[in-house]
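Letters A, B, ... mirror the listed sequences (proteins, then strands); counts begin at 1.
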Protein chains: 2
Amino acid sequence: MDLRQLRHFVAVAELRSFTAAAGELHMSQPALSQSVARLEKELGCALLHRNKQNPGQGVLLTVAGETLLEEGRDLIAAAQRAEERTRRAGRTSSGVSLAMGFTSGTPQHLVAAALAAADGIDGVDVYPVELDWGHEHQAIVTGRADLAYLQYAEGTPVAGHTVTGLELLERVALVPTNHRLAHRGRVTLADLAGEAILDPGSAEGVPGYRDLWLGEPRPAGMPIGRIVGPPARTVQEMYSFVAAGRGMAIASKAVADQFQRDDVVALVVPDLASVEVGVARLVEDRRPPVRQVFDALSRLSRL
Amino acid sequence: MDLRQLRHFVAVAELRSFTAAAGELHMSQPALSQSVARLEKELGCALLHRNKQNPGQGVLLTVAGETLLEEGRDLIAAAQRAEERTRRAGRTSSGVSLAMGFTSGTPQHLVAAALAAADGIDGVDVYPVELDWGHEHQAIVTGRADLAYLQYAEGTPVAGHTVTGLELLERVALVPTNHRLAHRGRVTLADLAGEAILDPGSAEGVPGYRDLWLGEPRPAGMPIGRIVGPPARTVQEMYSFVAAGRGMAIASKAVADQFQRDDVVALVVPDLASVEVGVARLVEDRRPPVRQVFDALSRLSRL
DNA sequence: CTCTCTTACGGCTGGCGTAATGATT
DNA sequence: AATCATTACGCCAGCCGTAAGAGAG
């Protein structure tokens with residue numbers, strides 16, 4: 001079995017269409033058809049129910065197809081992790097080196113704590129990797145990071161990861177200094193009703209991420225305003241967006257404490273639920289250094 | 001990255017030699033050299049320290065090489081499991097079907113219990129797969145079985161598996177009916193000193209397996225006799241070996257209770273430690289039906 | 001001189017693209 | 001007719017094998 005074939009099959013299975021998958025994979029549809037046919041021949045069983053009475057509705061998966069879709073996704077992700085981890089190892093001269101993912105919204109002391117945690121473990125070195133907003137999950141799955149700090153609605157589990165909640169962060173609304181509410185230290189959701197808001201984007205694998213940073217669900221009568229994109233990738237981009245007067249943005253108080261600009265003001269919003277910051281690792285990651293650092297950080301939990 | 005290349009690299013890394021690995025892989029050595037070189041180029045880092053001052057001692061691994069060796073082994077095993085599971089799914093008409101591995105030495109009621117356990121779980125079907133002696137571990141790793149019954153020295157953990165001990169089995173020595181000890185119901189290790197014994201082979205991934213079925217370690221003055229191969233693959237082969245007068249064999253009492261032949265006698269050996277029978281699954285196997293059946297069987301433990 | 005890995009080169013296979021065909025609504 | 005997949009066929013890249021080269025004991 002070949003990883004390329006597997007990628008081909010997974011694309012077809014996910015999109016339920018050879019034509020669509022061929023586009024996605026940047027290859028011709030007949031070539032894709034052949035590739036999957038070869039895979040089926042090698043496995044000795046059909047993976048897709050073809051063209052019977054559904055040429056319009058695309059293809060359906062067989063039991064074997066369902067199985068290979070699940071297994072194949074895992075396998076492709078594992079292959080990418082292997083590649084990424086090897087590349088990273090190639091960049092370090094010696095010893096074990098772990099990548100700690102964080103975003104510009106992560107409280108600084110936590111990043112420092114991660115580096116400090118490694119000092120206590122012999123032969124293990126942790127280096128920080130800054131990730132784009134909302135890519136923490138993806139970074140762990142693809143192997144760009146071994147561990148990552150994650151922000152999520154309190155108590156929401158994240159599939160595929162082992163997460164330990166560490167802190168709760170109050171939330172603030174960021175507005176320009178010349179905003180009508182800028183002189184208020186704290187505001188309510190009612191005050192913010194109808195305000196244009198920065199598009200938070202969405203985080204693969206983190207359900208509820210988008211709603212979290214839109215301040216949803218909001219009580220009746222405090223509707224959300226226009227959502228303005230594109231999503232910010234970092235805190236700096238978020239501040240620039242706000243300073244330009246295009247709308248407000250919701251952030252954690254930790255962000256506002258760490259980044260100060262005189263053209264942007266942070267207003268505490270007490271009726272927005274706090275967000276939880278946690279440290280995450282892949283459930284199936286059994287590498288001892290990863291476990292050790294993870295456990296050390298877990299012990300710092302204030303929850 | 002390609003699985004073929006990965007297999008090439010893993011072979012070289014494990015054997016610490018291109019020449020040896022090329023033989024193992026049934027390909028020419030220069031082709032293998034190129035294949036690994038291509039992989040290194042793709043990854044952008046060296047995996048092996050070449051030909052510096054060790055052309056005699058073979059190659060050494062770099063940090064990246066060590067990483068890719070570990071990751072690659074896992075990945076290749078995972079690929080094989082994916083393939084095997086898909087093939088199995090292709091053979092079942094519908095629904096979830098799990099393979100329960102056992103050997104001819106597994107107490108029958110446990111196999112029956114596994115099938116019965118599935119009846120209580122909706123949409124899950126368990127079917128038995130008979131494995132060769134000592135291949136239980138390998139079967140789980142390669143995906144031939146999702147669960148398997150395993151026999152091991154009491155309390156010995158098996159790497160890579162989650163195991164629940166279920167029962168302890170007394171052990172017996174199998175001898176021909178015309179053997180000098182055949183009329184005795186029970187014997188000691190001292191009685192068996194110097195007897196020729198069937199080669200138990202070894203089980204990949206189960207440390208101590210060989211010693212277990214040789215009755216080792218034996219007290220001083222009760223030395224092991226000649227070890228006669230080839231290893232038996234099933235209980236029937238073992239009985240035939242013994243009946244032919246080529247030597248004795250050590251088995252669990254459960255085996256002797258289940259298989260009766262008038263040309264072979266089972267003698268209880270009280271001073272051999274009991275073996276533990278447990279049910280095993282892969283640590284990282286998170287599929288709910290596997291967990292459910294495993295947990296149901298774990299609840300049957302008498303330990 | 002032997003052992004081992006690398007470089008060079010030629011041949012072949014396998015996978016892709018284009019074009020044509022089939023099946024269904 | 002339009003859509004979606006398969007079959008037919010030619011082309012090319014990549015991989016393997018053979019042969020030659022290079023460095024160390």
message = If we ignore hydrogens and angles and just use 3.5 Å, is the side chain of B:Arg85 paired with the main-chain N or O of B:Ala82 as donor and acceptor?
response = no
key: Whole-Å gap separating C1' (C:dT4) and CG (B:Leu60)   = 14 Å
key: Short side-chain N/O contact from B:Arg38 to OP1 or OP2 of D:dA13, under 4.0 Å   = no
note = Out of D:dC16, C:dC16, C:dC5, minimum distance to the side chain of A:His8 belongs to C:dC16
remark   = Here the distance between atom P of D:dT7 and atom CD of A:Gln29, to the nearest Å, is 11 Å
Closest nucleotide among D:dC16, C:dG17, C:dT18 to the A:Pro30 side chain = C:dT18
query = Is a donor on one side and an acceptor on the other found under 3.5 Å between the side chain of A:Glu216 and the backbone of A:Ile224?
reply = no
remark   = From NZ of B:Lys41 across to C1' of D:dG14 the rounded distance in Å is 12 Å
message = Please report the distance, rounded to the nearest Å, between NE2 in B:His26 and P in D:dG17.
response = 12 Å
task = Report which part of the nucleic acid B:Thr19 touches: base, sugar-phosphate, or nothing (heavy-atom distance under 4.0 Å, all strands).
result = sugar-phosphate
message = In this structure, how many angstroms lie between the C1' atom of C:dG15 and the CZ atom of A:Arg4, rounded?
response = 7 Å
request  = To the nearest Å, give me how far apart CG (A:Leu32) and P (C:dG15) are.
outcome  = 13 Å
Heavy atoms of other groups near B:Arg233 CZ, more than 12 under 6.0 Å = no
remark   = Of the candidates D:dA8, C:dC5, D:dC16, the side chain of A:Gln34 sits closest to D:dA8
message = Between P on C:dG14 and CD on A:Gln5, what's the gap in Å once rounded to a whole number?
response = 12 Å
ask   = Whole Å only: how far is the CE atom of B:Met27 from the C1' atom of C:dT13?
value = 15 Å
inquiry  = Within the supplied structure, the quantity of interest is the number of heavy atoms (other residues, nucleotides, ligands) at a distance under 6.0 Å from A:Glu70 CD; does it exceed 12?
reply    = no
